[in-house]
Asks: 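The structure's right below; bear with me while I get my questions together.
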2 protein chains.
Amino acid sequence: MTVPPGRRERKKAATRQKIAGTALRLFLERGYDAVGIREVAAEADVAVTTLFSHFASKEALVFEQDEDFEQRLTQAVTGRAPHEPLIPALRREIQALVRHCTADSAAPIWRMIDESPALRKYEESMRLRHAETLATAIAADPELSQTATASRTIARFVIDAYSLAREAADPEAAVDEIFRMIEAAWEVTCPSRRA
Amino acid sequence: MTVPPGRRERKKAATRQKIAGTALRLFLERGYDAVGIREVAAEADVAVTTLFSHFASKEALVFEQDEDFEQRLTQAVTGRAPHEPLIPALRREIQALVRHCTADSAAPIWRMIDESPALRKYEESMRLRHAETLATAIAADPELSQTATASRTIARFVIDAYSLAREAADPEAAVDEIFRMIEAAWEVTCPSRRA
DNA sequence: ACCGTAGCACTAACCGTTACGGTTTTGAAT
DNA sequence: ATTCAAAACCGTAACGGTTAGTGCTACGGT
């Protein structure tokens, strides 16, 4: 499966990247709402239908790497050291993600997102999807036998932490503050005392 | 301002109700996606532009009473008995809201919402708006001097409780389970010991 | 009785998105 | 090498939500 990636897949990935790159450039230059799909397609030299075969919507052009985000989260759960407690592992990952998207280089993009209702809405439902994925990963961990509701709840809280910290004046401090609350919430649900 | 509502305002409210009622009826009869805006407008005997002067979007037709929801939440905070603790008051209100929208009579509407991605997305960003309103109410309460981050966090958690409980197998039990977690998270943030 | 405002109407467009039908490229099987 | 099916791509036309733009009418305050 991860053998030599054939020419086809490389070309496809190249097209995808070309589209996403062109779109982001145009959006940042002239504003998300001011640039139409037909224009992005023309500039990237592909047909409109091709664009939509790579991206499900206009908004998706902006959140090209959202699957990375999702994978890093589940990885933080499934790939942590044996017997390492869940919450600190998640805290570390969220801290890293928050740092990443509050970096100066990312500022213009997030400003664009915050200014467009369509993009905000898209990001919101994206987060919910991520929370659901994270909940599944938590529920699947045999070390912590949680109820379905508790798993989903903690997952939501963690995603909330990301979202709130990103908007806070001091993002890193906010992560710490919110995770103290999550830690407390988590301990209530722990049936056994595992140090 | 709340004196005799003039004829004009009554007519406006009547038009609004007629549009919303017609829309909901058509949506439930034939499916949200299968009914177009032009059709709703024709059936309600108004122009398309009139419809959009009463409702900001097609989705808003379905969530006609979302401001009630918002007000009940803030009321639960600002209108509670003096010295009554915050979290139990919110728990009661959420419990009532969940009961209300998991009632049999509301089932067809929520089934329609769950089946339509557009409506789901709309509800999600509505919830975020409600969380923000609730956060403001919590932050404004002089009895509980919280940080901005803590207020917003608790508000999100409470809205999460509503959303998760509504989808749970046993909604009422889910509210209790999640609010035990919220209570723990809340206590971490309380600077003073108030009973 | 008069005026400003607000609700409403109609047309025509804009824009994201999709259906459709056709062409080229690619990887594999003969 | 040749052949073939799948998959990527193309271009057009349409559909449906949404928004000007332009008026008209009726209400409520003066």
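Note that this is a predicted model, so its numbers are computed, not measured. The sequence lines fix the lettering, A, B, ..., with proteins before strands; numbering per chain opens at 1.
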Asks: Within this structure, what is the CD1-to-P distance between A/I37 and C/dC14, rounded to whole angstrom?
Replies: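 Those two atoms, CD1 and P, are 17 Å apart.
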Asks: Without decimals, in angstroms, what is the distance between A/L51 CG and D/dA8 P?
Replies: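 Taking atom P of D/dA8 as the reference, CG of A/L51 is at 15 Å.
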Asks: Rounded to the Å, how far apart are B/F55 CZ and D/dT19 P?
Replies: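 Interatomic distance, CZ of B/F55 to P of D/dT19: 15 Å.
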Asks: Starting at CD of A/E9 and ending at P of D/dA7, how long is that distance when rounded to a whole Å?
Replies: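 One finds 12 Å between P of D/dA7 and CD of A/E9, rounded.
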Asks: Rounded to whole angstroms, how far apart are CG on B/L61 and P on D/dG17?
Replies: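 Computing the B/L61:CG to D/dG17:P distance gives 10 Å.
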Asks: Decide yes or no on salt bridge (Lys or Arg N to Asp or Glu O under 4.0 Å) for B/R152 and A/E167, but give the supporting numbers first.
Replies: CA-CA 11 Å; B/R152 299 184 76 202; A/E167 297 174 3; 2.8 Å; yes
Asks: Using a heavy-atom cut-off of 4.0 Å across all strands, would you classify B/V46 as base, sugar-phosphate, or nothing?
Replies: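 Answer is sugar-phosphate: B/V46 comes under 4.0 Å of backbone atoms only.
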Asks: Polar atom pairs between nucleotides 5-7 of chain C and protein, under 3.5 Å, N or O only, would you list them?
Replies:
{"from": "C/dG7", "atom 1": "OP1", "to": "B/K12", "atom 2": "NZ", "distance (Å)": "2.8"}

Asks: Indicate yes or no: at least one non-hydrogen side-chain atom of B/R91 is less than 4.5 angstrom from one of B/I182.
Replies: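 Of all side-chain heavy-atom pairs linking B/I182 with B/R91, none is under 4.5 Å.
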Asks: Of all the choices, D/dT19, D/dA14, D/dG17, which nucleotide is nearest to the side chain of A/R38 once you look at every atom?
Replies: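 Nearest to the side-chain atoms of A/R38, counting from C-beta on, is D/dA14.
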Asks: Tell me whether B/D114 is salt-bridged to B/R166, with the criterion being a basic N under 4.0 Å from an acidic carboxylate O.
Replies: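 Answer for the salt bridge query: yes.
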Asks: Taking the six-membered ring of B/F52, is NZ or CZ of B/K58 closer than 6.0 Å to its centre and within 45° of its axis?
Replies: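 No cation-pi geometry.
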Asks: With a 3.5 Å cut-off and heavy atoms only, can you find an N or O donor on one side and an acceptor on the other between the side chain of B/S57 and the base of D/dG17?
Replies: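 Counting by modelled atom types and ignoring angles, no donor-acceptor contact under 3.5 Å is found here.
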Asks: In whole angstrom, give the distance that lies between atom CD1 of B/I19 and atom C1' of C/dC8.
Replies: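 For the pair B/I19 CD1 and C/dC8 C1', the rounded distance is 10 Å.
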Asks: Heavy atoms under 4.0 Å, any strand shown: does A/V40 hit a base, just sugar-phosphate, or nothing?
Replies: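 No contact.
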Asks: Roughly, in whole Å, what's the span from CD in A/E59 to C1' in C/dT17?
Replies: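 Nearest whole value for this atom pair: 11 Å.
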Asks: Quick one: are the ring centres of B/F157 and B/F179 less than 6.0 Å apart?
Replies: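 Ring-ring flag for B/F157/B/F179: false, centres at least 6.0 Å apart.
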Asks: With the side chain of A/F52 defined as its heavy atoms from C-beta on, choose the nearest nucleotide among C/dT17, D/dG17, C/dT11.
Replies: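 That would be C/dT17.
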Asks: Using side-chain heavy atoms (C-beta onward) and a distance below 4.5 Å, is B/R120 in contact with B/E115?
Replies: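 The answer is no, as the side chains (C-beta and beyond) never meet within the 4.5 Å cut-off.
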Asks: Report the distance from atom CG of B/D33 to atom C1' of D/dC15, rounded to the nearest whole Å.
Replies: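 B/D33 atom CG is separated from D/dC15 atom C1' by 13 Å.
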Asks: Count the heavy atoms belonging to other residues, nucleotides or ligands that lie under 6.0 Å from CD of B/Q71, then report whether that count exceeds 12.
Replies: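 No, CD of B/Q71 has 12 or fewer neighbouring heavy atoms, counting only those of other groups under 6.0 Å.
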Asks: Start at the 5' end of DNA chain C and walk down; is the nucleotide closest to B/T49 or to A/K58 reached first?
Replies: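 Nearest-nucleotide comparison on DNA chain C picks B/T49.
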